[in-house]
Each structure stands twice: as C-alpha cells, then as structure tokens.
Protein chains: 2
Amino acid sequence: MRTGKTGRRPGRSGSRERILEAARQRFADHGYDGASIRAIAADADVDPALIHHYFGPKQRLFVAAVELPIDGRDIAPLLSSGPREETGERFARFFLSIWEDPRPRASLSGMLRSAITDAGAAAMIRELLLVRILGPAVAALGVGDPELRVTLLGSQVIGLALLRYVLVVEPLASASLDTVVGAFAPTFQRYLVEPLGP
Amino acid sequence: MRTGKTGRRPGRSGSRERILEAARQRFADHGYDGASIRAIAADADVDPALIHHYFGPKQRLFVAAVELPIDGRDIAPLLSSGPREETGERFARFFLSIWEDPRPRASLSGMLRSAITDAGAAAMIRELLLVRILGPAVAALGVGDPELRVTLLGSQVIGLALLRYVLVVEPLASASLDTVVGAFAPTFQRYLVEPLGP
DNA sequence: TCGAGAATTCAACAGTCGTGGAACTCTACA
DNA sequence: TGTAGAGTTCCACGACTGTTGAATTCTCGA
C-alpha cells in the first residue's frame, strides 16, 4: 500500500503478512545474506523501516519467516510402524511428501541456502534438522550408533534436497516420485536400520 | 609488502600468489558473496586495486582461485579397474582421498559454498562436478540410466562433503576414514553399478 | 469525544562493497 | 642510458547495506 504519503492506512492492510511472505521467498531464493531488507520491503510494497518496526533486526525477521513446519516426534512413530524392512521407504516417502509441498519448501530452501553461508544458520540447521528432527526419529528405532546414523542420513537428505529442490539439477529434479523413492529408499534403509561397518 | 608508499617493490614480491592463496581461503570459508575483495586484499597484505589489476572483476578472480584439481578422465579407469563389486569402495576412497588433502579442500569448499548462493556458481557446480567429473566416470562404466545415476551420486557426494568438511558436523567429521568408507561405499556401489528401480 | 498507541513513511547515518583513474616506482630490454 | 611496461598504491565514485529518529495518519478503547 505505498501511497507515497506517511501515516497509518485506513482498514486492515495485511502488511505484516505480505512482509513475511516476501521474506520467505527472498530467503529461499537468495539465502540470508543475499536477501536484503530493502528488496523484501519492495516485494511487500512497504517501507524498509516498517519491517524493522515489526520484527526488529534482520536476524529476528529470518527466524520469524523461516519457521519449521515439522516436528521430529511426528516421524518417530511413522518409522516404527509397519515392517522393519520398509523403514527406508517410509522415510523416503515422508521426507519427499514434505518437500513436494511448495509452502514448506520455501522455508526449507531458505534454511538450507542460508546454512551454507551464514555461520549462525549453520548451527541452526545442525540444531533443527539433525538434533530436533532426525535425532529423535533415529533414536526411537533403537539401533546402534545413532549419532553417526543421523549424520549419514542427514548427508543424503541434504544432498537430495539440494540437487532436486534448491539447485534443480536434471534429471533428478523432474524424476517421478516413485523413481526417487526407489532410488533412495535402500540408502535410507541402510543408514536407518541395517548394519553399517565395512 | 604494504610499505604505505606507492610504486613498484624491488625484487619478486609474490603478491599474485598471496592473492590467490587468500582468495581460495576466503572463498572457501565465506562463499562468493561473503568473500570481499577488500578482505582478500587485507589477507594478502595488498591494495584491493592490485587484485583488480591482476584479475579484473571479482568473477574472474573466483574462477582463477577456485580451479579444479581433478580431471574426470582420471576417475574413469580407476573405477573400471578391479572387481566390479568393489566399485563403490574404490570411488569412496578416491573421493575421500581428495577431500582429506587440505589444498584441494579449500577450492572445493569454496565452490560448494558459492554454488548455494550465487546463481552463476550453481551452473558451475553442475557443469564442473556433475558434467565434467562424475559424468565421464559413470559413462565409462556402461550402465543404464547414466544421467540419473550421476545426480544420485552427486547428491550423496555433495551431502557428505557438506556435512563432513564444510559444516563439520560431528560425529561424521571426526569419523575415521575406514568408518566413512564402510558407511558410504554400499551407497556409491548402488548408484554406480547396481540396478536402481523399486 | 479525546487521547494513547499502532501503522506507516521519509530522510539520514555510518558502513561496506566493487571498480576506475591517476600517480608513482621499479625492472627489463634496446 | 633511455624508455616501455609491469607492479603497486591512494583516492574517489556511486551503489547498496541495516538501522534509527522523527513526523504523520489512522484506529480503538475509555
């Protein structure tokens, strides 16, 4: 609602929501550093100072925009239910079902991109993805070496997300869901429940 | 050699080499955007304008600093030699031997970090890592679905490198070489030579 | 009806960034 | 010895960054 004039606008303007939406998009596309407050403000058709008024410093806007829609405790029962030799496939389908949905994808993309450059966000990905989400899920399976398994799993999960959803590398990006599940399920199966050693 | 005075220095100063070294380090630690010309110049104890004098715009400095020390044609014969059921392990050992060496690691880290944020570098990782390095290696094996296999392989390679070397996530980062080989070799084996489908 | 406070913008500050030009000094070769 | 050119610095430009303070206009409860 940029009328060029100062002062409050009549009625409900929805600026706050537009800011969050624009921030999610920018963070997803350009990462933390690449997404400037001014660009987000322009997308939301709003003055940069308004963003600061609502959210304070940039870091706070980031955590407000990129809030994780997944709870690790949802995964644990899903993995434990059903035959153990299909654990990897269940995990693959669950993981992909989240990323196929465009809304969480923007948040997750933002996290992933930002984690690579920003040191604080790197700690965040460790904390959120590995400790809070994958950690409990693996722990609930009661297998040996849970910490190592979490990182193995994380390495494949992040690599897959990066190539298929963030960088959009073909032919992986356009491969059908069943193809992707078929390709990655055995890998997840090994990292989750099968013996690791050489 | 910052004497505070202008003009050429006597003797060989090695500025060019120091600039490249500093650039590699900065790009590795902070990615393309995060590594400023000025910071690189400070590390190399040199005026920022000298960097521009040698390498032109920043993009040219990046490709000069981050030059890949691997040739895809070196990998192909290595993968083909030896028993086929150990192909994945040979690949794992080769791949890890490169990253364990600190010099290429800096270059590769820089590429990886930059590829996530900078759009041009994303195309570069696709071109260099996937097309020029993993592509020929997989093609030489004469298996079906080579393009898909390259991206599967790439997803695990990048995820592993990211967690173990770039983000340094424990316990993967400190795990012994044999542990890592043991954990990932079967995955690589599947992506390289074994049937994929569900 | 009045006043507190929410919403919004403008203008500006102090940084940082990449890059270009001009000037200076040394080297290498004719 | 003279001179073209490589190496090097300083300075400045214009653009962009996150953030702050003040001013303005609207809303809502007392």
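Here the structure is a predicted model, which is why all the values come from computation and not from measurement. Letters A, B, ... are given to chains in the order of the sequence lines, protein chains preceding strands, and every chain is numbered from 1.
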Under 4.0 Å from OP1 or OP2 of [N]: is there any side-chain N or O of [X] that close?
{"X": "A:S15", "N": "C:dT8", "answer": "yes"}
{"X": "B:Y54", "N": "D:dA6", "answer": "no"}
{"X": "A:H52", "N": "D:dG18", "answer": "no"}
{"X": "B:S36", "N": "C:dC17", "answer": "yes"}

Return the minimal non-hydrogen interatomic distance between A:V143 and A:L192, and the atom names on each side.
CG2-O, 3.4 Å
Scanning both residues in full, the closest heavy-atom pair of B:Y191 with A:Q156 reads OH-OE1, 2.9 Å
Among the nucleotides D:dG7, D:dT20, D:dT19, which one has an atom lying closest to any side-chain atom of A:A49?
D:dT20
Which nucleotide wins on minimum distance to the side chain of B:V46, given the candidates D:dT19, D:dT9, C:dA7?
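My answer, after comparing the listed nucleotides, is D:dT9.
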How close or far is atom [atom2] of [N] from atom [atom1] of [X], stated in whole angstroms?
{"X": "B:D47", "N": "D:dA12", "atom1": "CG", "atom2": "P", "result": "14 Å"}
{"X": "A:L50", "N": "D:dG21", "atom1": "CG", "atom2": "P", "result": "17 Å"}
{"X": "A:F55", "N": "D:dT20", "atom1": "CZ", "atom2": "P", "result": "16 Å"}
{"X": "A:H53", "N": "C:dC10", "atom1": "NE2", "atom2": "C1'", "result": "15 Å"}
{"X": "B:I51", "N": "D:dG7", "atom1": "CD1", "atom2": "P", "result": "15 Å"}
{"X": "A:D33", "N": "C:dC17", "atom1": "CG", "atom2": "P", "result": "11 Å"}
{"X": "B:R9", "N": "C:dA28", "atom1": "CZ", "atom2": "C1'", "result": "19 Å"}
{"X": "B:K58", "N": "C:dC17", "atom1": "NZ", "atom2": "P", "result": "9 Å"}

Check whether any side-chain heavy atom of B:W99 sits under 4.5 Å from a side-chain heavy atom of B:R164, and report yes or no.
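Not touching, per the 4.5 Å side-chain cut-off.
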Heavy-atom distance under 4.5 Å between the side chains of A:F188 and A:R90, does that happen here?
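No, every pair of side-chain atoms sits at 4.5 Å or beyond.
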Could you tell me how the ring of A:F95 sits relative to the ring of A:F91: parallel (under 30°), tilted (30 to 60°) or perpendicular (over 60°)?
parallel
Sugar-phosphate only, base, or nothing, as touched by B:R38 at under 4.0 Å among non-hydrogen atoms
base
Tell whether A:R8 reaches the base of C:dA6 with its side chain through a donor-acceptor pair below 3.5 angstrom.
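Per atom types, the contact qualifies.
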